[in-house]
Amino acid sequence: MKKISKELIVTLLSGIVVLLGITGYFSYEDFLKPVKEQIIHGYSDNKLENPTVSKRLKSTISSINKHIDDEVGYKTDYIELNTVLQMLMGQKVFEVGSHTVVRLNNKYLTYQYDDIDDTTIEKNANAIIQLDGYLKEQNIPLFYCLAPYKNSNYDYQLPNKLKDTINIAANKFIKILYDNNVDYIDFREEIHNEGFEHYSCFYVTDHHWKAETGFWAFTKMANHLKENYGFEFEDYITDLKNYNIKEYKEWFLGSQGKKVGKYVSGIDDINIITPKFETDFVTEQPLKKRKASGAFDKTLLSKAHIEEKDLYNLNPYAAYTGGDFSYQIITNNKAPNNKTLLVVRDSFACAVTPFLSLSAKKMHIFDLRDSLTKSKTDSLYNYIEKIKPDAVLFIYSSSSLGGAEEFVFSK
Amino acid sequence: MLFSSVVFIYLFLPIVLFGYYIVFKKSRKLQNIFLLISSLFFYAWGEAVFVIVMISSIMINWLLGYLVNKYKSDNNKCRLIIAVTVVLNLSVMFIFKYLMFTVQSINSAFGSSFFVPNIILPIGISFFTFQAMSYVFDVHKGHGEAQRNPINVGLYVAFFPQLIAGPIVRYETIAQQINDRKETLDDFTKGFCRFVVGFSKKVLLANTMALIADTAFDMASDKLTVAMAWLGVLAYAFQIFFDFSGYSDMAIGLGHMFGFSFLENFNYPYISKSISEFWRRWHISLGTWFRDYVYFPLGGSRTKTKIRLVFNLFVVWFLTGIWHGANWTFIVWGLMYFVLIAIEKLTGFEKRFTNLTFLKYLYTMFFVLMGWVLFRATSITNAFEYMKIMLGFSGNSVYTSEVWYLLKPNLILILACVVASAPIVPWIKEKLKSQKVFFNIMYAPLILIIFILSLSYIIKGSYNPFIYFNF
C-alpha cells in the first residue's frame, strides 16, 4: 500500500477547511442573490460621479468582493480565533480592515483615530458659527449638543500611551464655539459634573452611549429647550420612573466587539426603554416614501433589531429609531406644544430622538452623512427656510468632529 | 486579486483546480486555454481595463517571436526585430510607469511647466513586460521554440501564479512545460504545502512587520527616536523579504500544483557576507534576467578594461534601480548597489578577509538596511533624514517606551522572522536526521495550524498591503 505523505495529509485537511468556508456561499438570500444583482445591475446602476468604464468595473468588482469577504463560512469563528491569538501575544491594539480597535486598560473597547488637524476643526466649527449667525437673524436658536466619546477626558485608559486624538479635537472645537457665543452643551463635562463613572455610560463593546445615558441626555436637552426656548411640556416625560425598562442580558455585541469578537471584552447587556404613558406618533422617511403611525413602540422602536439574539448580524442599539436615516420626520399627535424642532444628528441621536420627540409637535431629523441626503435633498439652509423650525439642535459625538459631510450645510 | 485574499482561497483557486483537473482533464489544449482565461480573469479582477494592455502585449510579443524565428538565419533582420521588441515593450512600460515621473523631473529641473499626465500604473507591468521580452529573446537565441499558438504565449506571460509579482519566469525554463508537463499527486501536495508556507510568511510575518515599519516611517522626524528608527528599518527588512519571498513561495507552489516548475527566487539573502552575494540570493529571477539580457551582452566581467566593467555594472544597477519604481529614491538605491558591487569586484572583496566573516556580514547588512531606508522613503530627503536619526546625528532621543509597546505584542513573530530569515530549520532538520519520524508527525499539524491562523488574518481583514504590487 502506498505510503500517505505528510503533504497529502496537509492538503486533504486544508481542503476540508476551505470547503467549510465555501459553505457560506451557498446561501441564495445572503450571497448568490446580491452577487447576481451586482453582476446584472451593478455596472449600469453605478452611482459614482462621472463614472468611466474603468471606475464602474472597479466599483462593481469591489462590491462583489465585499460580499465574498462578508459571507465566507465560519467568519466569526476566524475573527474570534484571530483576536484570541493576538490577545495571547499581548496585543491591545487590533487593526481590522480600515479600523483600529483598542482594548482600554479597563477592558472597554474604543476606536483609535488619526489626529484631526486644526484646519478641519476650525472649518467645521466655523460652519456652526455661520449657521448660528444666520439663525439668530431669524430668531431661531441653535443648540449644539456634543455627545461624549468613549475615552474620558478625566480618566485616561488608553494603553501604550496612545494619543486621545478625539478629546483633544473636541476640546479645541468647544472652545471655538464658546468664544463665539454659540449655545452648546458638552456632555463630557456634564457626565463629569454629575459624578457619573464615564465608562459606565457606554457599552463595553460599542462606540455608542447606553440607552439610559441617551435618555439622561434627552432630559438635559429637553429641559434646556424648555427653560430657554419655550418648549413647554410636563415634567413626567423626563422622569425615568414613567418608563418601562426591559433588560436583555448578554444580548449586544457592539460595533467594536463585532470586529474583534466576543472574547476580547465580553458581551453587553442592553435595555429597551419605553413610555408607560400613552403615545401616538407618525414617523415618515420622505426620501424613501415610508410612513408609520401608532404608539412609541410601534413607530420609534424597531423590534426586528432586538427580538432575536444574533451577536454578529444584528445591531440592538438600532432598535431605537430603527437606525440611521437620511431624513426622518416625527409628528407627535399628543404633543405638549406646537413647536417644531430641526435636528442634525449622527448615530448617537438614536437613543435620544425617540424621547426628544415627546417634547415637541414635530421633529425634522437629518443625517448629513447619508448619500441620499447629499444627492436628493436641498441644503440644510434651504430646509431651514422651508421648515422654519422653532429651534435647531445638533447632536454630534466628538468622533464626528473631523467628518467631511457632517458640517456641510450648503450645496 | 491577491493570493492572500478570501476570493482567491475560497473561490478562484478551487474553481480553477476543479476546471483544470475535472472538467478539462482530458485535453491539454483546453487546460491551457482554461488556465489562460482564468489568468486573465485573475488580472482583470484587480485591473479590469488594463487586461487589454496585457493581451496587446501578449499578441505583439507572440508576433515578434514568430518573426524572429522566421528570420533566424538573417542576422540583420533579427537584430531589428529584437530592437523593436525592446523599444515597443519598454515604451509601453515607460508610458505607464515613467512618463509622469519624467515630466515632473524635467519641470522640476528646468522650471518648465509641461503637462503632467495622470497615468495609473497597471499592476505587475514590470514583471509581465520582462517576461514577454524574455520570450522573444529566448526564441531568438534558440532557447525555446516559437509558439505557433498565441494561447501558449499568453499562458506563459499571463499565468496567474507569477503574473503580478514574479518570479520572472524565463521562457526557456518553461517552454517545454507549456505542452509537455506531468502533474503528479506528489508535486501537487508539495506545491500546496509550499503555497501555505508562502501564504503564512506573507500574512503572519510580513503584514505584522508592516504595521511596525509603518509606525516608524510615518512618525514625524522630531518624534522618531534612534531605537524606533532602527526597529522600523529592521521591521521593513523583514516585511519586504517575507512579503516578496512569501509571494514567490506561493507562486512556485501554485506552479507545482498545475505541473509547472519555476526556479527559486530567494535563497536566505540575509545571511550574505557581501553585497554581491546578497544579490545572488535576493530576487534571483530579476538579477539573472539583467545578467543574461543586459550584463552579458554588454560584455559582463570579461572586459578589456576596468572602466568598461564599471560601465557595464553601472548600466545594470541603474536599470535595476529604475525597474523598481519611478522615483529618485529607487535610482539612488540602485546606484548605491552599483558603487558597492563595483568596489567589491575591483578589490576582490568576496575572496578576501575570510577570517572576518562576522564583520563582512555586518557590513553587508548595514548597507542592505540603508538601502531599505531609501527604498521605503518617499523622497531622498526623507531617506537621509531617517538615516541621520538612525545613526544618532539628529539629536533625537535614543529611546522611549513607545518602542517597547510596539515590540512587546510582536516579540514571538519577530523571533519567527529571525528564524525564518536564516536556514535554521533546514539546519535543525539536518542535525536531527534520526528524528525524521518526529518531524513527519509534527509537519501536518504545524502546517495546518499556520494555514488556519493565516486564514483568520485575511478573513478578519487585517492590514494586508502588498508592496511589490507597485512594480
Side-chain angles (χ1 to χ4, degrees), chain A residues 2 5-15 17-19 21-22 24-25 52-58 60-61 64-65 68-100 159-162 259-261, chain B residues 1 5-7 9-14 17 44-50 120 185-196 207-208 211 257 400-402 404-406 408-413 439-448 451-453 455-464:
Chain A
K2 202 176 173 191
S5 71
K6 56 189 189 294
E7 290 87 1
L8 178 59
I9 295 171
V10 170
T11 306
L12 287 172
L13 292 175
S14 302
V17 168
V18 170
L19 278 171
I22 291 173
Y25 302 128
T52 58
V53 168
S54 171
K55 276 186 188 174
R56 280 184 198 256
L57 281 169
K58 259 196 157 108
T60 306
I61 289 170
I64 295 170
N65 209 52
I68 294 170
D69 284 345
D70 287 346
E71 297 305 321
V72 67
Y74 300 91
K75 178 171 178 156
T76 54
D77 298 291
Y78 278 107
I79 289 172
E80 285 168 359
L81 170 68
N82 188 273
T83 42
V84 164
L85 170 72
Q86 290 198 59
M87 272 171 57
L88 288 173
M89 294 199 296
Q91 190 62 270
K92 290 183 179 182
V93 179
F94 304 96
E95 302 291 343
V96 187
S98 58
H99 292 95
T100 304
N160 303 350
K161 293 190 182 172
L162 287 171
K259 288 178 175 62
V260 297
Chain B
M1 200 187 288
S5 66
V6 171
V7 62
I9 300 279
Y10 287 98
L11 284 177
F12 181 85
L13 186 60
L17 286 171
W45 190 261
E47 296 285 348
V49 168
F50 289 132
I120 299 168
L185 182 63
D186 193 49
D187 232 6
F188 183 93
T189 55
K190 283 187 168 136
F192 178 77
C193 290
R194 181 81 187 258
F195 173 84
V196 169
N207 287 0
T208 307
L211 292 171
M257 288 169 76
T400 59
S401 52
E402 254 180 315
W404 177 239
Y405 291 137
L406 206 48
K408 190 176 152 208
N410 298 302
L411 278 173
I412 294 173
L413 288 175
F439 275 116
N440 285 348
I441 290 170
M442 291 308 298
Y443 182 86
L446 183 66
I447 299 294
L448 191 62
F451 182 55
I452 291 172
L453 289 178
L455 287 175
S456 78
Y457 271 89
I458 64 164
I459 287 171
K460 203 188 94 181
S462 286
Y463 194 38
N464 196 14

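Here is the naming used below: chain letters follow the sequence lines, and residue numbers restart at 1 for every chain.
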Subject >> Close side-chain approach of A:Tyr25 and B:Leu11, heavy atoms under 4.5 Å >> reply: yes
Original post:
Taking C-beta and beyond as the side chain, do A:Val10 and B:Tyr443 meet within less than 4.5 Å on heavy atoms?
Top reply: yes
Can you say whether [X] sits under 4.5 Å from chain B via the side chain, the backbone, both, or neither, judging by heavy atoms?
| X | answer |
| --- | --- |
| A:Lys92 | neither |
| A:Lys58 | side chain |
| A:Tyr74 | neither |
| A:Ser14 | both |
| A:Leu85 | side chain |
| A:Val18 | both |

Original post:
Highest number of heavy-atom pairs under 4.5 Å with chain A: which of B:Val49, B:Asp186, B:Ile9?
Top reply: B:Val49
Original post:
Of the listed residues (B:Pro14, B:Cys193, B:Ala48, B:Ser401), which shares the most heavy-atom pairs with chain A below a 4.5 Å separation?
Top reply: B:Cys193
Can you tell me which portion of [X] sits under 4.5 Å from chain A's heavy atoms? Options are side chain, backbone, both or neither.
| X | answer |
| --- | --- |
| B:Pro445 | neither |
| B:Lys408 | backbone |
| B:Leu406 | neither |
| B:Phe451 | side chain |
| B:Leu455 | both |

Original post:
Between A:Thr83 and A:Val260, is there a donor-acceptor pair closer than 3.5 Å when you use the side chain of the first and the backbone of the second?
Top reply: yes
